[in-house]
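Presented below is the structure to which this report refers.
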Amino acid sequence: MRNTRAFTRLLPASALCAVAALMLSTTPASANSGWWYSGYSKSKGYFTSYGDKTTACDISTDGYKALVQIVTVNDSLVYRVVDSWNDGKCTSKDASDVNLLEGATYQIEVCVVKSGGRPLDCRAHRFTA
């Protein structure tokens, strides 16, 4: 009878371990870039692997727009997102616009730009999609 009690006490703990192991094995790896800012924090950009969503946010009323570019490690432009808001709203592109290759390494570049001008004050960060 004692062996049955020990088994009953161990069963919930072992079941909990099995559930935890299953959750850890099925949790997808995150490829989020996190928020990245231009040099003077006038714009910010973000990439998230869920839906391959890239977001650009202009956070300063200064005549510039936020520009976020996704480029390959060979510096080939994949796509860009320009945000002309400066009131906390952001502009995004997702997988319906472009789908990044899973497991490939890219670079997110966060810049500011004036209409018709070249990107300025860029900061870059590599990530794996």
Side-chain angles (χ1 to χ4, degrees):
M1 193 61 118
R2 225 177 247 182
N3 290 340
T4 306
R5 283 187 192 169
F7 178 75
T8 307
R9 278 188 234 139
L10 290 175
L11 183 61
S14 63
L16 181 60
C17 288
V19 169
L22 180 62
M23 287 174 58
L24 288 174
S25 67
T26 59
T27 303
S30 174
N32 298 338
S33 71
W35 283 106
W36 289 91
Y37 294 83
S38 64
Y40 296 109
S41 300
K42 296 178 182 208
S43 61
K44 62 183 182 176
Y46 187 84
F47 172 83
T48 182
S49 60
Y50 183 73
D52 282 354
K53 185 176 180 181
T54 302
T55 303
C57 298
D58 188 345
I59 55 177
S60 180
T61 306
D62 59 2
Y64 289 91
K65 296 179 180 183
L67 168 66
V68 175
Q69 301 181 123
I70 303 296
V71 298
T72 65
V73 291
N74 301 340
D75 289 329
S76 297
L77 180 66
V78 178
Y79 66 95
R80 62 178 55 191
V81 181
V82 178
D83 180 46
S84 24
W85 304 99
N86 59 10
D87 57 359
K89 294 179 186 176
C90 301
T91 302
S92 298
K93 281 189 177 183
D94 59 24
S96 64
D97 298 309
V98 66
N99 193 10
L100 299 182
L101 182 62
E102 298 290 322
T105 300
Y106 296 92
Q107 187 164 283
I108 183 171
E109 296 177 350
V110 183
C111 312
V112 294
V113 65
K114 283 199 178 202
S115 290
R118 293 178 26 183
L120 303 170
D121 196 29
C122 299
R123 294 291 191 262
H125 171 71
R126 285 190 178 191
F127 67 95
T128 302

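Quantities reported herein were computed from a predicted structural model and do not represent experimental measurements.
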In this structure, would Val68 and Leu120 fall into the same cluster of hydrophobic residues linked by side-chain contacts under 4.5 Å?
no
How would you list all residue pairs meeting salt bridge (charged side-chain N to carboxylate O under 4.0 Å, His left out) that involve residues 62-74, not counting sequence neighbours?
Lys42-Asp62
Hey, could you give me the SG/CH2 distance between Cys57 and Trp35, rounded to the nearest 0.5 Å?
4.0 Å
For the CG atom of Asp52 and the OG atom of Ser92, what is their distance to the nearest 0.5 Å?
12.5 Å
Short side-chain to backbone donor-acceptor contact, Asp58 and Ser60, under 3.5 Å
yes
Sequence-distant partners of Tyr50, side chain to side chain contact (heavy atoms under 4.5 Å, CB included), two or more places apart:
Thr48
Pair up each side-chain donor or acceptor in residues 103-113 with any protein partner under 3.5 Å, not counting sequence neighbours, and list the distances.
unit_1, atom_1, unit_2, atom_2, d
Tyr106, OH, Leu101, N, 3.1
Gln107, NE2, Glu109, OE2, 3.2
Glu109, OE1, Gln69, NE2, 2.9

Of all heavy-atom pairs linking Lys89 and Asp83, the shortest is O-OD2, 3.4 Å
Say whether Tyr64 and Ser38, considering side chains only, have a donor N or O and an acceptor N or O under 3.5 Å apart.
no
Return the CZ to CG distance between Arg118 and Leu67, rounded to the nearest 0.5 Å.
12.5 Å
Decide if atom NZ of Lys93 counts as having more than 12 heavy atoms of other residues, nucleotides or ligands within a radius under 6.0 Å.
yes
Below 4.5 Å, heavy atoms only, C-beta onward: do Ile70 and Phe127 meet side chain to side chain?
yes
Linking I/L/V/M/F/W/Y whenever their side-chain heavy atoms sit closer than 4.5 Å, directly or via other members, would Val81 and Trp36 fall into one cluster?
yes
Are Tyr37 and Tyr46 joined in one hydrophobic group, where the rule is that I, L, V, M, F, W and Y side chains link up if heavy atoms are under 4.5 Å apart?
yes
Can you check whether Thr72 reaches Val78 side chain to side chain, under 4.5 Å on heavy atoms?
yes
